[in-house]
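Bear in mind that the values here come from a model prediction, so they are computed numbers and not experimental data. Both backbone and side-chain heavy atoms feed into the values below; hydrogens, waters and symmetry mates do not. Each chain gets a letter, A, B and so on, in the order its sequence line appears, and its residues count up from 1.
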Protein chains: 2
Amino acid sequence: MAHKPRSEMIAETRAKLVAAARQAFGTVGYAAASMDDFTAEAGLTRGALYHHFGGKEGLLKAVVAEIDAEMSQRLNGISASHASPWQGFVAECVAYIEMALEPEIQRVMLLDGPAVLGDPSTWPNQTGCINSLTTNLKRLLQDGIIVDTDPEAMARLISGASLYASLWIANADDPQATSKKAVGAFKLLLDGLLADGRKSS
Amino acid sequence: MAHKPRSEMIAETRAKLVAAARQAFGTVGYAAASMDDFTAEAGLTRGALYHHFGGKEGLLKAVVAEIDAEMSQRLNGISASHASPWQGFVAECVAYIEMALEPEIQRVMLLDGPAVLGDPSTWPNQTGCINSLTTNLKRLLQDGIIVDTDPEAMARLISGASLYASLWIANADDPQATSKKAVGAFKLLLDGLLADGRKSS
DNA sequence: GATAGTGACATACGTGGCGTATGTCAATTA
DNA sequence: TAATTGACATACGCCACGTATGTCACTATC
C-alpha cells in the first residue's frame, strides 16, 4: 500500500496538533493546558510541537488564526444575507456578540489570546473580524447612511463593546434577560450612528 | 523600644506583598512573575503569601481590587469637576480611555485579570468603574438628556469600547494620531445617545 | 505572671511542566 | 545506492508552584 506524500503527512500532523490544542485551550484554558497531555492526545509528543510551532505560544497563534478565520467567514455570510446595507451591518454586529458567547471563542479569543499574545490589533491576521466591520462601515459612510467618522476606529469601538457585552452575558445569572438588555442597548448605540433623519430604520 | 501592635504589623506585611506583586504583575505580567522573586523583594517568603492570600490568584485579586479602587476614585473626581452632567460624563469616559493607556492598568486589569480571574463583571468589587458609569447614566436618563436605555448595559458597552480602544492606541505605531481617531469616534458614539434635538452639545 | 494556645511567618520537600539538546529513522535527491 | 535533509521522539535539567511541617512571638486565661 502506497504511502501518502510527505507534504500531506506534515499538513496532517500540524492539523492534528492545532485541533488538539484548540480543544484543550478552549476548555481548560491556555495556562492549564499541558503540552504533554494534548500532544499525546493527538498521538504525538512535544517534539513535533516544538518543531512545527516553536513552542506553546506558536500553537496558540495558530489556533487563534484558525478561529479568527472561521469567525470572519461566518460574519461575511451574515452581512451578505441581508437586503439593506444597514440591516446587514446591524445583523453582523449582533452576530458578533452571539459568537462571543461560545465558550471556545470566549476563552481563546477574549481571555487567553490577549493575555498571552498581547493586544489583538497587533495580531498578524489583523483580526479579520475588525476588517469585516471596517469595510462595512466604509460602504455605509460612502452611501451617506451614517455620520462621518473614521471607519477603523469606529469598528474597534464597536468590536470592544460587543466583546465585553458577550463576557457579561455569558457570566450573568440570567443570560437570557441580560442578552436582551445588552442587545437592546447595543442597537441603540448603533442607531446613534445613523445620519440625521434616518433614525429608527 | 516598644513594638508596634500585631495588627499593624500584619497590615504592613499585606501591604508590602500587594505592592511588590503589583509592581511585578504590572511590569512582567502575571504568568512571568515569580512568587519567590517578588516576595523576596518585599523582604518575605512565599509562606507569608500563602498565609494571607491563599495563593498567587488571591494576590492578583487583591492587586486588582486596589487598582480598581484607585481608578474609581479618579473617575469620580473627574466627572464631578464639570459643570453640566453630560460634559462630566463625556469627560469621565475619555478619562477611562486615557487611564487604560497606563501599562500597569492595561497589563493587570485588561489582559491578565480577565484571563486569570475570568470576566471582570464577576469580580467581587463589581468593577467600581462600571458602577460609576452606570450611576452617571441613570442621572442623565432621569434628566431626559439621553435616550431611554438600560443604564448598566450601556455602561458595559461603553466600558468595553473604551478598553479596547485603549489597547489599540497603546500598541499603535503612532499613538498620538490613533488616540485622536479613537477619541473622535468615541465622542461621536456617545453623541448618538443624546435625546433628539440635543446633538452636538 | 506563668502557661497554654493561636497565628504569622519561614523552611523543606515533592511534583509537574517547560525548553533544549540530542538521537533516530524515513523520505527525498543525485 | 549513498548522502542529506528534516520530521519527530527521547532524555535531561531547571524553575516554579503548592503543601506539609516547623518555629517563634504574641495573646489570653487563670
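Judged by distance alone, with hydrogens and angles left aside, the side-chain atoms of B/Gln106 form a donor-acceptor pair with the main-chain N or O of B/Ala100 at under 3.5 Å. A donor-acceptor contact shorter than 3.5 Å is absent between the side chain of A/Ser132 and the backbone of A/Gly128.
Rounding to whole angstrom units, CE of residue B/Met9 and P of C/dA10 are separated by 11 Å. Taking atom CG of B/Asp37 as the reference point, atom C1' of D/dC14 lies 14 Å away to the nearest angstrom. Counting to the nearest Å, the P atom of C/dA26 and the CD atom of A/Glu12 are 18 Å from each other. Following rounding to the nearest Å, B/Arg46 (CZ) and D/dC15 (P) show an atom-to-atom distance of 14 Å. We find that CG of A/Asp36 is positioned 12 Å from C1' of D/dA11, with the value rounded to whole Å. The interatomic distance linking B/Leu49 (CG) with D/dC17 (P) rounds to 9 Å, in whole Å. Going from atom NE2 of A/His51 over to atom C1' of C/dT22 covers 15 Å, rounded to whole Å. Atom CD1 in A/Ile10 sits about 16 Å away from atom P in C/dA26, given to the nearest Å.
Where B/Gly47 and A/Gly55 each meet DNA chain C at their nearest nucleotide, the meeting point lying more 5' is that of B/Gly47.
Between C/dA10, D/dA7, C/dT20, one nucleotide has an atom nearer to the side chain of B/Ala48 than all others, and that is C/dA10.
OP1 or OP2 of D/dC8 has at least one side-chain nitrogen or oxygen of A/Thr13 nearer than 4.0 Å. A close approach under 4.0 Å does occur between a side-chain nitrogen or oxygen of B/Lys56 and OP1 or OP2 of D/dC17. OP1 and OP2 of D/dA7 both lie 4.0 Å or more from every side-chain N or O belonging to A/His52.
The residue B/Ala40 sits apart from the nucleic acid: no heavy atom pair falls under 4.0 Å. When heavy atoms are screened at a 4.0 angstrom cut-off, A/Ala32 is found touching no nucleic acid atom at all. Among the heavy atoms of the strands lying under 4.0 Å from B/Ser34 are primed sugar atoms or P, OP1, OP2 only; no base atom is included.
A salt bridge does not link A/Glu57 to A/Lys61: none of the charged side-chain nitrogens sits closer than 4.0 Å to a carboxylate oxygen. A salt bridge links B/Arg74 and B/Glu102; the closest N-O separation between the charged side-chain nitrogens and carboxylate oxygens is under 4.0 Å. Under the 4.0 Å criterion applied to side-chain N and carboxylate O atoms, B/Arg22 and B/Glu41 are not assigned as salt-bridge partners.
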